[in-house]
Amino acid sequence: MVNNEGKDNKLEKMRHSAAHVMAEAVQSVFPEARFGIGPAIENGFYYDFELPRSLTPDDLPVIEAKMAEIIAADKPFINEEVSKEEASKLFAAQPYKLELIDEIPDEKVGLYRQGSFVDLCRGPHVSSTGEIKTFKLVSIAGAYWRGSENNPMLQRIYGLLFLSDKEMDDYLELQEELKKRDHRKIGKDLDLFVFSDLVGKGLPLFTEKGSIIRRELEQFVVDEETKRGYKHVYTPDLANIALYKTSGHYPYYKDSMYPVMKVEEEELMLRPMTCPHHFELYSSKPRSYRELPFRIAELAKQFRYEKSGELTGLMRVRSFCLADSHIICQPDQAIDEINSVLDLIEYVASVLGLKAGDNYHYRLSLGDRKDEVKYYHDDAAWDFAEEVLRTVLVQRKASYFEAEKEAAFYGPKIDIQMRNFAGKEDTAFTVQYDFVMPKRFGLTYIDKDQTEKEPIVIHRSSIGAIERTMAFLIEHYAGALPVWLAPVQVMVIPVADRHLEYARKLGVELTGEGVRAKVDDRSERMNLKIRQAQLEKVPFMLVVGDKEEAEGTVSVRLRSGEQLSSQPFERFKDTVQITIASKSKD
RNA sequence: GCCAGCGUAGCUCAGUGGUAGAGCAGCGGUUUCGUAAACCGCCGGUCAAGAGUUCGAGUCUCUUCGCUGGCUCCA
């Protein structure tokens, strides 16, 4: 551990130093450049610049060459401490640096100098530029100054940096490999979903195959939730705007909602969330404490306006289906309920073949007391709710990290985060503590003592948004989904046309038992059929010829390429049914 | 939405100002074959859309649309 940290620190220093070297190189190409910040990041570094013109990819080799010169010159990094006044004079032509100096609370600020280039920086750095190892500038991107849309957009150059050429090559090779798992590519190759410009961006169309996967996931989660005491309902995808004004969503959420539709005297909206619909179901009649926890669930289609640049395949869409639920309960039931939700989520994840730590991790998403625009103001309620969630995580001995400014406007949440093929993190599943809605909707229950009381609400998704979860699964399995999810589970491949009759008989029997089997009856060679079934990631290929037909057996080939010995068809049929029914990970 | 890049047949891609191409897929035929691509032929394109420059534009310029990466945002 200690060794690794040492190595990471060295690498981090090197990456940070490379950012300075890049800044110097950029300054030599653009003397009028203004500098933002340039930190080390995972796998490399970046630096933000304001430049007289837009960079193009052709600029990168030029800057790289300059950097190589600076590294070859082996200039020492010299640290000094100066007063803020002095620093302000030094950076008089650098408005972004001045802004940073202004915000440093200390009297003195740190400078790092290599050759004639000086940067405001607290360090640390490697001792001289010559220590910087294998690097590569990879991309140019716009980035708002200090990450705010209201600020000017600077130009960011991203670089990779590793300790050796080999590590760089390994990294690049791994990226190439990972790219093959991209659900957008696999979705196209395996014909799972498509997009149409006419239908609109961010609005996926599921093909028959994609729909099979989706339906399996949906059936699984509805069955599982029903077993666990959830009441599954249907509510409409549209609602009167008044509903969202009542819920309080409207001011917080209107930027994510589509414009209203005027219909006769009503103003309707596509719903961005389901909670208010569920609350209306709850409050449609008086409720007793005996009915709590009241777990109302729905596979709910939701519509959110995502800026066009934010859309990504199935990961981020404008219309998605959330396995949503709202648990209305007494405050003292919250901890138990949240625990059961996490039990459910972990169960769902395990059935999907996902492991905590490896494939997902917990994030305790907190609010920001100061931000009253984004978060409902009630410090005591936030403190209480955050403590409840933290308690549950600690009780469960879950490993988690805390993140500021990630909460919902109505309360903190536990998010289950997953990474996509490119390493980008997204929320897969979520549990949210809500202390706002019950009041807004006047939700009540009659307690044992015959008085009316206010419940709390837990918002949660179990299997998440189906679209996003499918995207994660496709990437996790690189398209070779577990048998129960595979659109085609068995492909029967006759060796020659004379075996078609036998092949079809097997196909009919399997289909009759609920197995998704197909017979490849095209007038093609067996080899081609095997290749194509293999590329389609069909879990079982049954090759049948003279021998199998005579014996009533099948020759089973797995998509791994492994070939099982010939076995009686009946036995295969049983195995396949058990595999499917048990939702085996394969 | 913003910054940058990209957009050629269903898919993967060639084509750098001078008559739009290949492989795969599809369709028609021949072949009936034992575990990852048989053979022959045919079809298929307003080169994303629109405007401009030019004798001539897939290629250069502008606008729009879409996609990709990043920023912002997020299930």
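Keep in mind that this is a model prediction, so the values were computed, not measured. Below, chains carry the letters A, B, ... as their sequence lines are ordered, and counting in each starts from 1.
When the C1' atom is compared between B:G58 and B:G45, the two are found 11 Å apart, to the nearest whole Å. The P atoms of B:A4 and B:C47 are separated by 27 Å, rounded to the nearest whole Å. Distance check on atom C1': B:C55 versus B:C13 gives 32 Å, rounded to whole Å. B:C67 and B:A75 are spaced 23 Å apart, taking the C1' atom of each and rounding to whole Å. The gap from the C1' atom of B:A22 to that of B:A9 amounts to 11 Å, rounded to the nearest Å. Atom name P, nucleotides B:G34 and B:G26: the rounded distance is 22 Å, in whole Å. A distance of about 13 Å separates the P atoms of B:C60 and B:G5, rounded to the whole Å. Nucleotides B:U63 and B:C3, compared at atom P, are 11 Å apart to the nearest Å.
For A:Tyr477, there are no ring-ring contact (aromatic ring centres under 6.0 Å, His included) partners at least two apart in sequence or on another chain.
RNA chain B lies under 4.0 Å from at least one heavy atom of each of the following residues of residues 536-561 of chain A: A:Val543, A:Gly545, A:Asp546, A:Lys547, A:Glu548, A:Ser555, A:Arg557. In the region residues 317-328 of chain A, proximity to RNA chain B at under 4.0 angstrom, judged on heavy atoms, holds for A:Val317, A:Phe320.
To the nearest angstrom, P of B:C73 lies 14 Å from OH of A:Tyr305. Counting to the nearest Å, the C1' atom of B:C33 and the CG atom of A:Asp520 are 14 Å from each other. For the pair A:Arg53 CZ and B:C3 P, the computed distance is 17 Å after rounding to whole Å. The distance from atom CZ of A:Arg522 to atom P of B:U31 is 19 Å, rounded to the nearest whole Å. Straight-line distance from the NZ atom of A:Lys405 to the C1' atom of B:U72: 14 Å, rounded to whole Å.
Nucleic acid contact for A:Gln155: none, since no nucleic acid atom lies under 4.0 Å from a heavy atom of the residue. Residue A:Lys179 is out of contact with every strand shown, counting any heavy-atom pair closer than 4.0 Å. A:Asp426 comes within 4.0 angstrom of a nucleotide base, judged by non-hydrogen atoms across all strands. Across all strands shown, A:Ala533 has no heavy atoms under 4.0 Å from either base or sugar-phosphate atoms.
For the OP1/OP2 pair of B:C73 and a distance below 4.0 Å, the side-chain nitrogens and oxygens of A:Tyr252 include no atom meeting the criterion. Considering only side-chain N and O atoms, A:Lys413 lies under 4.0 angstrom from the phosphate OP1 or OP2 of B:A75.
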### Base-pair map of RNA chain B as dot-bracket, where | denotes pairing with a different strand and pairs are Watson-Crick or G-U under 3.5 Å
(((((((..((((....[..)))).(((((.......))))).....(((((..]....))))))))))))....
Might you list the N or O atoms of the protein lying below 3.5 Å from N or O atoms in nucleotides 61-69 of chain B, with each pair's distance?
| unit_1 | atom_1 | unit_2 | atom_2 | d |
| --- | --- | --- | --- | --- |
| B:G66 | OP1 | A:Lys201 | NZ | 2.5 |
| B:G66 | OP2 | A:Lys201 | NZ | 2.8 |
| B:U68 | OP1 | A:Arg184 | NH1 | 3.0 |
| B:G69 | OP1 | A:Arg184 | NH1 | 3.4 |
| B:G69 | OP1 | A:Arg184 | NH2 | 2.7 |
| B:G69 | OP2 | A:Arg184 | NH1 | 3.2 |

With 3.5 Å as the limit, what N/O pairs link the protein to nucleotides 37-40 of chain B?
| unit_1 | atom_1 | unit_2 | atom_2 | d |
| --- | --- | --- | --- | --- |
| B:A37 | N9 | A:Arg531 | NE | 3.4 |
| B:A37 | N7 | A:Arg531 | NE | 3.4 |
| B:A37 | N7 | A:Arg531 | NH1 | 3.1 |
| B:A37 | N7 | A:Arg531 | NH2 | 3.4 |
| B:A37 | N6 | A:Arg531 | NH2 | 2.6 |
| B:A37 | N1 | A:Arg531 | NH2 | 3.1 |
| B:A38 | OP2 | A:Arg525 | NH1 | 2.3 |
| B:A38 | O5' | A:Arg525 | NH1 | 3.0 |

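For a distance-only test at 3.5 Å, the side chain of A:Gln532 fails to qualify as a donor-acceptor partner of the base of B:A25. Residue-to-nucleotide contacts include a donor-acceptor pair under 3.5 Å from the side chain of A:Glu310 to the base of B:U72. Side-chain to base pairing of A:Tyr144 with B:G1: one donor and one acceptor N or O lie within less than 3.5 Å of each other.
Note that A:Arg156 lies in the cation-pi zone of A:Tyr46, set by a 6.0 Å cut-off to the ring centre and a 45° limit from the axis. Judged by the 6.0 Å and 45° rule, A:Arg214 forms a cation-pi pair with A:Phe206. Cation-pi check for A:Arg15 over A:Phe135 is not met; the charged atom does not lie both under 6.0 angstrom from the ring centroid and within 45 degrees of its normal.
Heavy-atom nearest nucleotides on RNA chain B were determined for A:Thr427 and for A:Leu154, and the one closer to the 5' end corresponds to A:Leu154. Both A:Glu149 and A:Met526 lie close to RNA chain B; mapped to their nearest nucleotides by heavy-atom distance, the more 5′-ward contact belongs to A:Met526.
Among the candidates A:His459, A:Lys301, A:His278, A:Gln302, the single residue satisfying the side-chain hydrogen bond (donor to acceptor under 3.5 Å, both in side chains) test with A:Asp324 is A:Gln302.
Under a 4.0 Å N-O distance rule, the pair A:Glu149/A:Lys307 qualifies as a salt bridge. Between A:Glu501 and A:Lys505 there is no salt bridge, since none of the side-chain N atoms of the basic residue sits less than 4.0 Å from a carboxylate O of the acidic one. Between A:Lys405 and A:Asp368, at least one side-chain nitrogen of the basic residue sits less than 4.0 Å from a carboxylate oxygen of the acidic one, meeting the salt-bridge criterion. Using a cut-off of 4.0 Å between Lys/Arg side-chain N and Asp/Glu carboxylate O, A:Asp59 and A:Arg53 are scored as salt-bridged.
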